[in-house]
Amino acid sequence: MTVIATLDSAGKPVGVTANSFSSVSLTPPLVLFSLSHTALSLLTFRATPHFTVSILSDRQIELAGRFARAGKDKWRGVAFETWESGCPLLPGAAAWFECQVVATHDGGDHEIFIGEILRLSHDPSSTPLAYQRGGYGGFRPES
């Protein structure tokens, strides 16, 4: 599970939970996420040159639910950090990416955003949060 975040035109953070996150390319390093055409934040994401991805850890189930719900005040009481773009990143996540939008595509009832990774970091001690069949769990790759 991921939280994709950006800033609106007033510089306020905007974020959504997305399980439609995927790598696209290693060279250049590209990732994608898709956002429903009915999402309240769609126009904000269309207008921004950057977004961040926080790959949630198994300790962040509450944040996954918070950012999955429609609403304007998702960031109330939520601590975040920023890197160069100023877009918010969630502390305690398993990994973080800061991306520049390089393309958008119509994807039926969704819009697909492709971003080039500008910076990244990860916490090797974290277990990424997984979501399957209506439930959350952790994911640990085999050694």
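We use all heavy atoms of the structure for the numbers below, so side chains are in, but hydrogens, waters and symmetry mates are not.
Residues Val31 and Ile114 have side chains not in contact (no heavy-atom distance under 4.5 Å, counting atoms from C-beta outward).
Between the OG atom in Ser22 and the CG atom in Leu30 there is a gap of 11.0 Å [rounded to 0.5 Å]. Going from atom OG1 of Thr2 over to atom CG of Leu63 covers 12.5 Å, rounded to the nearest 0.5 Å. The OG atom of Ser54 sits 11.0 Å away from atom CZ of Phe80, with the distance rounded to the nearest 0.5 Å. Distance check: Ser23 OG to Phe97 CZ gives 8.5 Å after rounding to the nearest 0.5 Å. To the nearest 0.5 angstrom, Arg66 atom CZ is 15.0 Å from Ile61 atom CD1. Separation of atoms CG (Leu56) and CG (Leu129) is listed at 6.0 Å; rounding is to 0.5 Å.
Residues Arg59 and Ser126 approach most closely at NH2-OG, 3.4 Å, considering heavy atoms. Among all heavy-atom pairs drawn from His50 and Val101, the shortest one is N-CG2, 4.3 Å. Listed here is the closest heavy atom pair of Pro88 and Leu7: CD-CD2, 4.0 Å.
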Practice prompt. Would you sort out whether His37 and Leu42 count as a side-chain contact (heavy atoms from CB on, under 4.5 Å), showing the intermediate values?
Written response: CA-CA 7 Å; His37 284 153; Leu42 180 63; 3.9 Å; yes

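Sequence neighbours left out, not one pair with a member in residues 21-38 passes salt bridge (charged side-chain N to carboxylate O under 4.0 Å, His left out). Every pair tested for salt bridge (charged side-chain N to carboxylate O under 4.0 Å, His left out) that includes a residue from residues 14-30 fails, sequence neighbours excluded, so the list is empty. Residue pairs meeting the salt bridge (charged side-chain N to carboxylate O under 4.0 Å, His left out) criterion with at least one partner in residues 25-46, sequence neighbours excluded, are Arg46-Glu111. Among residues at least two apart or in separate chains, side chain to side chain donor-acceptor pair (under 3.5 Å) pairs with a member in residues 76-96 are Asp73-Arg76, Ser85-Glu98. The side chain to side chain donor-acceptor pair (under 3.5 Å) pairs that include a residue from residues 5-17 are Thr6-Thr48, where partners are two or more places apart or lie in different chains.
The side chain to side chain donor-acceptor pair (under 3.5 Å) search around Ser36 returns Thr38, not counting sequence neighbours. Contacts of Ser34 classified as side chain to side chain contact (heavy atoms under 4.5 Å, CB included), with partners at least two apart in sequence or in another chain: Ser20, His110, Ile112. A search for side chain to side chain contact (heavy atoms under 4.5 Å, CB included) contacts involving Pro29 returns Glu116, Ile117, not counting sequence neighbours. Here Ala47 pairs with nothing under the side chain to side chain contact (heavy atoms under 4.5 Å, CB included) rule; sequence neighbours left out. Applying the ring-ring contact (aromatic ring centres under 6.0 Å, His included) criterion to Phe33, with sequence neighbours excluded, gives Phe45, Phe51, Phe113.
The backbone N or O of Thr44 lies less than 3.5 Å from no partner atom in the side chain of Ser41, so there is not a single donor-acceptor pair. Between the side chain of Lys74 and the backbone N or O of Ala68, no donor-acceptor pair lies under 3.5 Å. Using modelled atom types, no side-chain atom of Ser57 and backbone atom of Pro128 make a donor-acceptor pair closer than 3.5 Å. Under a 3.5 Å cut-off, the side chain of Ser25 and the backbone N or O of Thr27 do form a donor-acceptor pair.
Clustering of Ile, Leu, Val, Met, Phe, Trp and Tyr by side-chain heavy atoms under 4.5 Å joins Leu26 with none of the others. Other members of the cluster containing Leu43 do not exist, because no ILVMFWY side chain is joined to it at under 4.5 Å.
Among the candidates Ile55, Val78, Thr52, Leu90, the single residue satisfying the side chain to side chain contact (heavy atoms under 4.5 Å, CB included) test with Val3 is Leu90. When each of Val102, Thr104, Val24 is paired with Leu32, the side chain to side chain contact (heavy atoms under 4.5 Å, CB included) condition holds for Val24 and for no other.
A chain of hydrophobic side-chain contacts below 4.5 Å, direct or via other Ile, Leu, Val, Met, Phe, Trp or Tyr residues, connects Val53 to Leu120.
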